[in-house]
S.K.: 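Let me give you the structure first, and then I'll get to my questions.
So you know, we letter chains A, B, ... as the sequences are listed, proteins then strands, and number each from 1.
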Protein chains: 2
Amino acid sequence: MTDGKAQYADVTEFLDTVEFQDAALLSYVTSAIIVPTYDDIKRDFGIIRAEYLLLLCLSHFPVLTAQDVSRLTGRPRNSISRAVNRMLVEGYIERAPDPDDGRRSKLTITSSGRKLHKKVAKHMSIQQENILAALSPTERKTLAKLLRKTAIHAAER
Amino acid sequence: MTDGKAQYADVTEFLDTVEFQDAALLSYVTSAIIVPTYDDIKRDFGIIRAEYLLLLCLSHFPVLTAQDVSRLTGRPRNSISRAVNRMLVEGYIERAPDPDDGRRSKLTITSSGRKLHKKVAKHMSIQQENILAALSPTERKTLAKLLRKTAIHAAER
DNA sequence: AGAATATTGTTCCAAATGGAACAATAAAGG
DNA sequence: CCTTTATTGTTCCATTTGGAACAATATTCT
């Protein structure tokens with residue numbers, strides 16, 4: 001290496017030239033937070049993405065059906081179904097038939113599940129802070145505001 | 001439905017209460033753009049995510065190795081290896097041994113590959129606009145600025 | 001009420017994914 | 001120069017993923 005040229009193709013150069021730049025940036029930043037965290041979660045707690053998403057949903061709503069979780073997370077129903085059955089075995093959630101609708105089951109999180117969620121959420125929060133440390137508090141607020149506005153619009157489509 | 005309660009658990013409510021809110025928002029907005037587009041791409045052009053990422057990289061750098069693409073995209077090397085071999089068969093890319101390093105191959109995109117990339121990029125751009133239509137031009141610029149700053153920081157870690 | 005349609009959760013299966021081991025080549029260190 | 005270590009790309013294999021069909025139950029329509 002005798003000249004000033006980068007040894008490897010540079011990802012920031014890539015992100016600057018891509019046609020759908022906003023989407024590429026969103027994807028890059030999201031992955032930087034989420035991918036390593038899901039790897040940690042799998043290694044440390046033995047649960048996979050759909051399983052954690054299930055716990056996450058159930059820790060923010062008192063009761064949900066599998067279908068609700070599918071809608072909230074965007075994961076297909078069979079993924080959630082598998083996650084439900086594994087998390088039942090592990091004792092992280094409980095299931096009761098819905099007396100008003102024989103097709104449904106009402107899912108709730110156990111205290112053990114909640115405890116696991118807290119640990120996982122901690123991991124994700126730390127990684128979020130690592131990555132978003134580039135921004136000032138004001139910038140963080142602005143980013144959140146813009147993302148929330150966009151998310152609401154996306155949810156309404 | 002006689003009262004004002006939502007029929008289903010609401011994703012915006014979820015996004016407002018989740019512990020790692022910024023990460024959740026990022027993930028939600030990113031997925032809203034990217035997931036449906038990759039579904040379209042698969043249906044319309046028969047290529048999968050790693051394959052398109054390969055074309056995308058090669059349409060922004062004159063020559064890359066598989067390793068470069070792996071680093072740029074964050075996908076593991078075996079995924080890229082498979083993508084390279086399929087895209088070769090389809091005639092979207094070309095491969096030549098690197099005369100300076102017997103381990104490497106130099107990858108380039110063909111005009112047919114470039115044409116496909118343009119079509120796919122169009123899809124992605126349209127979906128990006130659909131979702132980010134919630135923001136004013138000024139807000140769009142601010143969002144891009146904040147994301148770029150964050151991405152650069154993430155790339156440097 | 002009865003028939004047609006929709007929804008829920010599950011199972012099956014084919015495809016996608018990624019870690020690990022591997023051979024070939026290159027670079028580093030004595 | 002020779003040995004050790006690192007890198008590249010590939011193959012193998014186990015796991016994850018998601019579409020599609022399915023049975024059971026609800027809802028809608030006539």
S.K.: Taking C-beta and beyond as the side chain, do B:Y52 and B:L116 meet within less than 4.5 Å on heavy atoms?
M.R.: no
S.K.: Please give, in whole Å, the distance from C:dA27 P to B:Q67 CD?
M.R.: 15 Å
S.K.: For A:T65 and A:D68: C-alpha separation, side-chain torsions, deciding distance, then whether side-chain hydrogen bond (donor to acceptor under 3.5 Å, both in side chains) applies.
M.R.: CA-CA 5 Å; A:T65 65; A:D68 290 332; 3.2 Å; yes
S.K.: Applying side-chain contact (heavy atoms from CB on, under 4.5 Å), can you list everything that pairs with A:L146, at least two apart in sequence or on another chain?
M.R.: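 With sequence neighbours excluded, A:L146 shows a side-chain contact (heavy atoms from CB on, under 4.5 Å) to A:T142, B:L135, B:E139, B:T142, B:L143, given in chain and number order.
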S.K.: Indicate yes or no: at least one non-hydrogen side-chain atom of B:T150 is less than 4.5 angstrom from one of A:L25.
M.R.: no
S.K.: To the nearest Å, give me how far apart CG (A:D68) and P (C:dT8) are.
M.R.: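 The distance from CG of A:D68 to P of C:dT8 comes to 8 Å, rounded to the nearest Å.
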S.K.: Is the shortest side-chain N/O distance from A:R95 to OP1 or OP2 of C:dT8 below 4.0 Å?
M.R.: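 For A:R95, the contact criterion (side-chain N or O under 4.0 Å from OP1 or OP2 of C:dT8) is not met.
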S.K.: When the distance from CD1 of A:I41 to P of D:dT15 is rounded to whole Å, what number comes out?
M.R.: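 So the two atoms are 20 Å apart, to the nearest Å.
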S.K.: Please state how far atom OH in A:Y38 lies from atom C1' in D:dT15, giving the value in whole angstrom units.
M.R.: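 The answer, rounded to whole Å, is 17 Å.
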S.K.: Contact class for B:R86 (heavy atom, under 4.0 Å): base, sugar-phosphate, or nothing?
M.R.: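 If one applies the 4.0 Å heavy-atom cut-off, B:R86 turns out to touch nothing in the nucleic acid.
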S.K.: Is there a side-chain contact between A:E51 and A:L55 (heavy atoms, below 4.5 Å)?
M.R.: no
S.K.: Parallel, tilted or perpendicular: which fits the ring planes of B:H117 and B:H60, with parallel below 30° and perpendicular above 60°?
M.R.: perpendicular
S.K.: Expressed in angstrom and rounded to an integer, what is the separation of B:I80 atom CD1 from D:dT7 atom P?
M.R.: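 Spelled out: CD1 on B:I80 to P on D:dT7 is 19 Å.
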S.K.: How long is the line joining NZ of B:K42 and C1' of C:dA15, in whole Å?
M.R.: 7 Å
S.K.: So do the side chains of A:L107 and A:M87 get within less than 4.5 Å of each other, counting heavy atoms only?
M.R.: no
S.K.: Give a yes/no on whether any side-chain N or O of A:S81 is located under 4.0 angstrom from OP1 or OP2 of C:dG9.
M.R.: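 Answer is no, no contact under 4.0 Å.
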S.K.: If a protein heavy atom is under 4.0 Å from the base, mark B; if only from the sugar-phosphate, S; if neither, -; do that for nucleotides 17-26 of chain D going 5' to 3'.
M.R.: BBBB---BBS
S.K.: Quick check on the 6.0 Å ring-centre criterion: do A:F45 and A:H123 meet it?
M.R.: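 Between A:F45 and A:H123, the centre distance is under 6.0 Å.
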S.K.: Stepwise, does the salt bridge (Lys or Arg N to Asp or Glu O under 4.0 Å) test hold for A:E129 with A:R140?
M.R.: CA-CA 10 Å; A:E129 294 313 310; A:R140 278 287 288 273; 3.0 Å; yes
S.K.: Based on the rotation axes of five pairs at each end, what angle does the helix from C:dA1-D:dT30 to C:dG30-D:dC1 bend through, to 10°?
M.R.: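 Roughly 30° between the end axes, to the nearest 10°.
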S.K.: To the nearest angstrom, how far is B:R43 atom CZ from C:dA15 atom C1'?
M.R.: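 The answer, rounded to whole Å, is 18 Å.
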